[in-house]
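The structure under discussion appears below in the form of structure tokens.
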Protein chains: 2
Amino acid sequence: MPTNKTDHLVYVVDDDFAVCDSLSLLIQATGYRVKGFHSAQEFLDNYDNKIPGCLILDVRMQPMSGLELQDKLLAQKIEIPIIFISGHSRVLDSSKAFRSGAIDFLEKPFDNEILLVRIEEAIQKNIENRTQNFEHEIIQQRIESLTLREKDVLICVIKGFSNKEIAILMGISHRTIEKHRGTIMLKMQVQQFSELMILLKEILI
Amino acid sequence: MPTNKTDHLVYVVDDDFAVCDSLSLLIQATGYRVKGFHSAQEFLDNYDNKIPGCLILDVRMQPMSGLELQDKLLAQKIEIPIIFISGHSRVLDSSKAFRSGAIDFLEKPFDNEILLVRIEEAIQKNIENRTQNFEHEIIQQRIESLTLREKDVLICVIKGFSNKEIAILMGISHRTIEKHRGTIMLKMQVQQFSELMILLKEILI
DNA sequence: GTCTATATGGGTAGTGATACTCATATATTT
DNA sequence: AAATATATGAGTATCACTACCCATATAGAC
């Protein structure tokens, strides 16, 4: 789908005011919405989970470093792609950042063009993540709307058991299974059995 | 499944003979099979794709650097997890390595214990990759065994069309669709429709 | 020219699933 | 006490799928 750059928010977090401001201006000039912060805590206090975007993050900051913020975000399951920027950093920091899922780790001074490319990549990734999480939530909600008995039947249906087989397994009439199965299709909002399988493909065995 | 360390092969590639030999000994002592090489080309000439394992790779080598070897392996679609080791390296190299899929990037001198943990991680990843690739190949082979007409019918079946609907779509009798469908189930080696969907879940829409 | 694979079409019988209708029992909520 | 949700069971009719059987036509391989 076509996305508008103004729909996306790029956070810039750097305790160096000059860097933070100039980067913010640069990124803003390419059309993105930008919010600049001078500390990790400020970012945490102002982060808005509803808007897709990414985070340009300085590694060395006090009292909370960029790497510590990354850990905190991971612990809180906040999925915002991070592009680290660093003045005089070590390979060890870079490894730590990447192994924790960073998009990139750029040393100052870096080519602005590369940063912009990485921002594009990061935002795309964030959008995909959000789309997938959203779809998973929808499906999860539908599953939660099933009763315990219906969930049992659903599992058997997915495994390929016929209604009669399920009836024997559960020790009840196949007519009851038929009724449960009908309710499952209603609550899962699908018409065909194949739709049900496609809906559940991420969760499947 | 339980795996034996001797079933896995750790390649060590470093043009520093002392490092290569001592690392090989260390890794061998923990139970893995090890092959040491002193150049990227030597590794390429001796790499055996049949054995699960990983690659400990020095960054700076002549004439082919570790990063160049990584690119070459990617281009040739050789999926062996790489743990880079480096004497005096730059963050830029580290970023390049990680963005190309490296498991880790360790600066010498590094903690041997960490290397061994990363080797374990890398080999696990390689085994998972191989298992998945193998399963995909099996499924792909079964799909290839279908005739063109059967593939057409399969696509419609997955989409949830009934035999009669497919018959109308393709302008032929529903009896022929039934025959195709039977052959599809035979060739795909499944009994239930749900099995077919589960088999194809990775490929699905 | 025969053999094989592919694609086509049909009959019949059995099994499976769905869509209606009807009904009862229990537990929880209001 | 009445209403709702959950779980249970059945009758009947219709539709969908499978498994047998039968058959024909065409293209390519040997």
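Keep in mind that the numbers below use all heavy atoms, side chains included, and drop hydrogens, waters and symmetry copies. Chain identifiers are assigned alphabetically (A, B, ...) following the order of the sequence lines, protein sequences preceding nucleic acid strands; residue numbering begins at 1 within each chain.
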Electrostatic pair [X]-[Y], nearest N-O below 4.0 angstrom:
X	Y	result
A:R60	A:D16	no
B:D104	A:K96	no
A:R175	A:E178	yes

## Note on the structure
Residue pairs meeting side-chain hydrogen bond (donor to acceptor under 3.5 Å, both in side chains), one or both in residues 22-40 of chain B, sequence neighbours left out, come to B:Y32-B:E120

### Query
Taking only residues two or more places apart in sequence or in another chain, which ones pass salt bridge (charged side-chain N to carboxylate O under 4.0 Å, His left out) with A:E113?
none

### Any side-chain donor near an acceptor of the partner, A:D45 and A:Q41, under 3.5 Å
yes

#### Entry: Polar side chain donor-acceptor pair, B:T147 to B:K151, under 3.5 angstrom
no

### Message
Tell me whether B:R99 contacts the main-chain N or O of A:F98 through its side chain, where contact means a donor paired with an acceptor under 3.5 Å.
### Response
no

Report each atom pair, protein N/O against N/O of nucleotides 15-22 of chain D, whose distance is under 3.5 angstrom.
unit_1: D:dA16; atom_1: OP2; unit_2: B:K164; atom_2: NZ; d: 3.2
unit_1: D:dC17; atom_1: OP2; unit_2: B:N163; atom_2: N; d: 3.1
unit_1: D:dA19; atom_1: N6; unit_2: B:R175; atom_2: NH2; d: 3.3
unit_1: D:dC22; atom_1: N4; unit_2: B:K179; atom_2: NZ; d: 3.4

### Message
Taking 4.0 Å as the cut-off, does a side-chain nitrogen or oxygen of A:S173 come that near to OP1 or OP2 on D:dT8?
### Response
no

### Query
Which pairs count as ring-ring contact (aromatic ring centres under 6.0 Å, His included) when at least one residue sits in residues 47-86 of chain B, sequence neighbours excluded?
B:Y11-B:Y47, B:F43-B:Y47, B:F84-B:F105

### Query
Per the end-axis method with five pairs at each terminus, what is the bend angle of the helix from C:dG1-D:dC30 to C:dT30-D:dA1, to 10°?
40°

### Message
Show, in sequence, the C-alpha distance, side-chain angles and deciding distance for A:V10 and A:I56, and conclude whether the side-chain contact (heavy atoms from CB on, under 4.5 Å) test is met.
### Response
CA-CA 7 Å; A:V10 178; A:I56 318 292; 3.7 Å; yes

### Query
Over how many whole Å does the gap from B:R149 atom CZ to D:dA27 atom C1' extend?
16 Å

### chain A footprint on DNA chain C, 5' to 3' - any atom under 4.0 Å from a heavy atom
C:dG16 to C:dC22

